[in-house]
Amino acid sequence: MNTEHSHPRIHPGTVDRSNPRAPKRTFARGIVANSRRLRQRIGVAVGLGLGMAALLITLE
């Protein structure tokens, strides 16, 4: 019984080969995260506005 390779091999695309001494791009990631949050909030606001408008139209 061969128990030497009981776990599947990690795909090479999942291995982090970045230089640990390289500067981190936290600024760009922060902007992307902030814009994602802003788009979600805008989507919720638009959805609530449309829902309220539809409710008002149906109640008239």
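Fair warning: this is a prediction, and the values are worked out from it, not measured in the lab. Below, each value reflects all heavy atoms present in this structure, side chains not excepted, and no hydrogens, waters or symmetry copies. Along the sequence shown, residues carry numbers from 1.
- The hydrophobic cluster containing L56 does not contain L48, counting ILVMFWY residues as joined when their side-chain heavy atoms lie under 4.5 angstrom apart, directly or transitively.
- Rounding to the nearest 0.5 angstrom, the gap separating the CZ atom in R36 from the CD1 atom in I31 is 13.0 Å.
- Tracing side-chain contacts under 4.5 Å through hydrophobic residues (I, L, V, M, F, W, Y), one never reaches M52 starting from V44; they form parts of separate clusters.
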